[in-house]
Number of protein chains: 2
Amino acid sequence: MPYGCGVTKTSSPERTAPVDESQLRPAGRATRAAIEAAARTLFAERGFEAASVRAIATEAGVDPALVIRHFGSKEALFLRTLDTSAGVGAVLDGPLETVGRRLVAYFLDPERPAVRHRYLALAQAAHRDQVREEMVRYTAETYVARLAPRMEGADREVRAVLVVAQINGLLNLLFQQEDPIVSGADTATLVALYGDAIQGVLTP
Amino acid sequence: MPYGCGVTKTSSPERTAPVDESQLRPAGRATRAAIEAAARTLFAERGFEAASVRAIATEAGVDPALVIRHFGSKEALFLRTLDTSAGVGAVLDGPLETVGRRLVAYFLDPERPAVRHRYLALAQAAHRDQVREEMVRYTAETYVARLAPRMEGADREVRAVLVVAQINGLLNLLFQQEDPIVSGADTATLVALYGDAIQGVLTP
DNA sequence: GGACTCGGTCAACGCCGTTGACTGGTTGAC
DNA sequence: GTCAACCAGTCAACGGCGTTGACCGAGTCC
């Protein structure tokens, strides 16, 4: 009888979840890192939709199935590639009276091109449930938790979230729609105009 | 000889573009309208990604290929289903000193659930080039053209576009991310807080 | 009545994310 | 030293996607 007698079948303990990262041999850990690096590159270069699992696998030099086995799904892999980018944290921790303009200046800084790619990839994946939840969590943890306790007046948490709304809206027009009017505007003008609008919500 | 002698072949005049709407017989015009209606329904119900061409065709009772033949592509069909929704135009044409709050109240009005679906579908399709261009055009035609001529001070066009940025950001947090803080906030509070922030850009 | 065009179907193409069956190599207990 | 268990990885396939091109039947026009 070919392929051994009887059914080998092992134990097969619920083959649904991705492989456990904690118990990996060095080889597995290396290819896992390679996949993650390839994903980071391609998601940034092409966006969430256009960066296919197959392309990521090719870039990493492995089989597409291995990508899924390691991370569970394309969405979960994408979440792993989102670095928290602590840069904005420092801006938020600065003087509250100037956060508005400093925030806009941070996101418009041409020295930080990764901001653009990160936003575009996130915006494309925002309709996936896990991604959406991660964005909500990030907003609460990074913006609300830092700003609200230092603010004064009523509706502190709501006002902190409205800061995020304004930032997202600006990045949307700039990076996704590439609106010619706002894209062609002077950086200093945007920082002053939009920064003050944001500031008005923070410290009215 | 079956199927006629020789190659029929007709003339086949560049079979790349979709069928011309102007010269349609009644039957064609009817099914075309049915496809458009089905698309409108499914795009609103499921969003751009989840509303497949096949599902739209089934809903309309036709073959999926016919959808493409009529409209050229899924993206083009989607653009056809975008009604300009003149509602916001009336808001923008009202008194300039109160546009901020009235805009927010308009978009938060629970009597207007279509606003939510329209935004979600648009946001999901925003990474397609034609859709992106349509959004830019809509911003310029609906917002900038109405607001900028009535404003005072410098950078009128930029400031008008920044109003769009703020609105988009709010809708993003409300409808796409469904942020619990802003979703749970009182409507009147949001109208006052965010409306005044918008107003600050319009009439500083 | 024949050429032509329109309305429509059908089968397929090449992609996509994901799954399950399978092969080997490594490990660890006896 | 053996052998079972397990990790790493491949392979072929599934169902679904948007889109294409070949094809047919019915209507229209000269």
Side-chain angles (χ1 to χ4, degrees), chain A residues 2-35 39 42 46-58 60-78 125 128, chain B residues 2-35 39 42 46 48-58 60-78 125 128 130:
Chain A
Y3 296 123
C5 46
V7 185
T8 316
K9 198 59 179 164
T10 73
S11 50
S12 86
E14 312 281 344
R15 273 292 173 200
T16 324
V19 302
D20 189 0
E21 184 177 12
S22 63
Q23 10 205 355
L24 275 186
R25 298 207 267 248
R29 213 176 303 264
T31 59
R32 187 187 178 96
I35 294 171
L42 290 190
R46 311 185 185 176
F48 180 78
E49 303 285 354
S52 70
V53 170
R54 285 169 154 87
I56 292 170
T58 301
V62 292
D63 191 272
L66 197 59
V67 175
I68 300 297
R69 285 181 65 78
H70 263 290
F71 294 93
S73 70
K74 181 185 183 182
E75 186 177 358
L77 171 60
F78 176 70
R128 309 290 186 112
Chain B
Y3 296 120
C5 46
V7 184
T8 314
K9 198 58 179 164
T10 74
S11 49
S12 87
E14 310 280 345
R15 276 286 175 202
T16 322
V19 303
D20 188 358
E21 182 175 12
S22 62
Q23 11 204 357
L24 274 186
R25 299 207 265 248
R29 210 177 305 264
T31 59
R32 187 187 177 95
I35 294 172
L42 290 189
R46 312 184 185 176
F48 179 78
E49 303 284 355
S52 69
V53 172
R54 285 169 155 89
I56 291 170
T58 301
V62 293
D63 192 88
L66 196 59
V67 174
I68 300 298
R69 283 180 67 78
H70 263 291
F71 294 93
S73 69
K74 180 186 183 180
E75 186 177 358
L77 171 59
F78 177 71
R128 308 290 189 113
Q130 295 174 45

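In what follows, every chain begins at residue 1, and chains take the letters A, B, ... in the order their sequences are listed.
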ask   = What pair of heavy atoms forms the shortest contact from B:Arg46 to B:Ala55, and how long is it?
value =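 Between these two residues, the closest heavy atoms are NH1-CB, 3.7 Å.
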query = Considering all heavy atoms of both residues, which atom of A:Pro64 and which atom of A:Arg54 are nearest to each other, and what is their separation?
reply =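 Closest approach of A:Pro64 to A:Arg54, heavy atoms only: CG-CG, 3.9 Å.
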State which residues pass side-chain contact (heavy atoms from CB on, under 4.5 Å) with [X]; sequence neighbours excluded, sorted by chain then number.
{"X": "B:Ile68", "value": "B:Val53"}
{"X": "A:Thr58", "value": "none"}
{"X": "A:Ala76", "value": "A:Ser73, A:Gln130"}
{"X": "A:Ala33", "value": "none"}

Just the rounded figure in Å: distance from [atom2] of [N] to [atom1] of [X].
{"X": "A:Lys74", "N": "D:dC17", "atom1": "NZ", "atom2": "C1'", "answer": "13 Å"}
{"X": "A:Arg128", "N": "C:dC16", "atom1": "CZ", "atom2": "C1'", "answer": "11 Å"}
{"X": "A:Ile68", "N": "D:dC11", "atom1": "CD1", "atom2": "P", "answer": "17 Å"}
{"X": "A:Ile56", "N": "C:dG17", "atom1": "CD1", "atom2": "P", "answer": "8 Å"}
{"X": "B:Glu49", "N": "D:dG16", "atom1": "CD", "atom2": "P", "answer": "18 Å"}
{"X": "A:Phe71", "N": "C:dT18", "atom1": "CZ", "atom2": "P", "answer": "13 Å"}
{"X": "B:Leu42", "N": "D:dG18", "atom1": "CG", "atom2": "P", "answer": "11 Å"}
{"X": "A:Arg29", "N": "D:dG9", "atom1": "CZ", "atom2": "P", "answer": "12 Å"}

task = Check side chain to side chain donor-acceptor pair (under 3.5 Å) between B:Glu49 and all other residues, then give those that pass, not counting sequence neighbours.
result =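 Partners of B:Glu49 under the side chain to side chain donor-acceptor pair (under 3.5 Å) test: B:His127.
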Set of ring pair (Phe, Tyr, Trp, His ring centres under 6.0 Å) partners for B:Phe78, sequence neighbours left out =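 Applying ring pair (Phe, Tyr, Trp, His ring centres under 6.0 Å) to B:Phe78 gives B:Phe43, B:Phe48.
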Short heteroatom pairs, N/O only, protein and nucleotides 8-15 of chain C, under 3.5 Å:
from	atom 1	to	atom 2	distance (Å)
C:dG8	OP2	B:Thr31	OG1	2.7
C:dT9	OP2	B:Asp63	N	3.1

What pairs of nitrogen or oxygen atoms, one from the protein and one from nucleotides 25-28 of chain C, lie under 3.5 Å apart?
from	atom 1	to	atom 2	distance (Å)
C:dG25	N2	A:Arg25	NH2	3.4

ask   = Between B:Lys74 (side chain) and B:Val67 (backbone), is there a donor-acceptor pair under 3.5 Å?
value =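 A pair under 3.5 Å: no.
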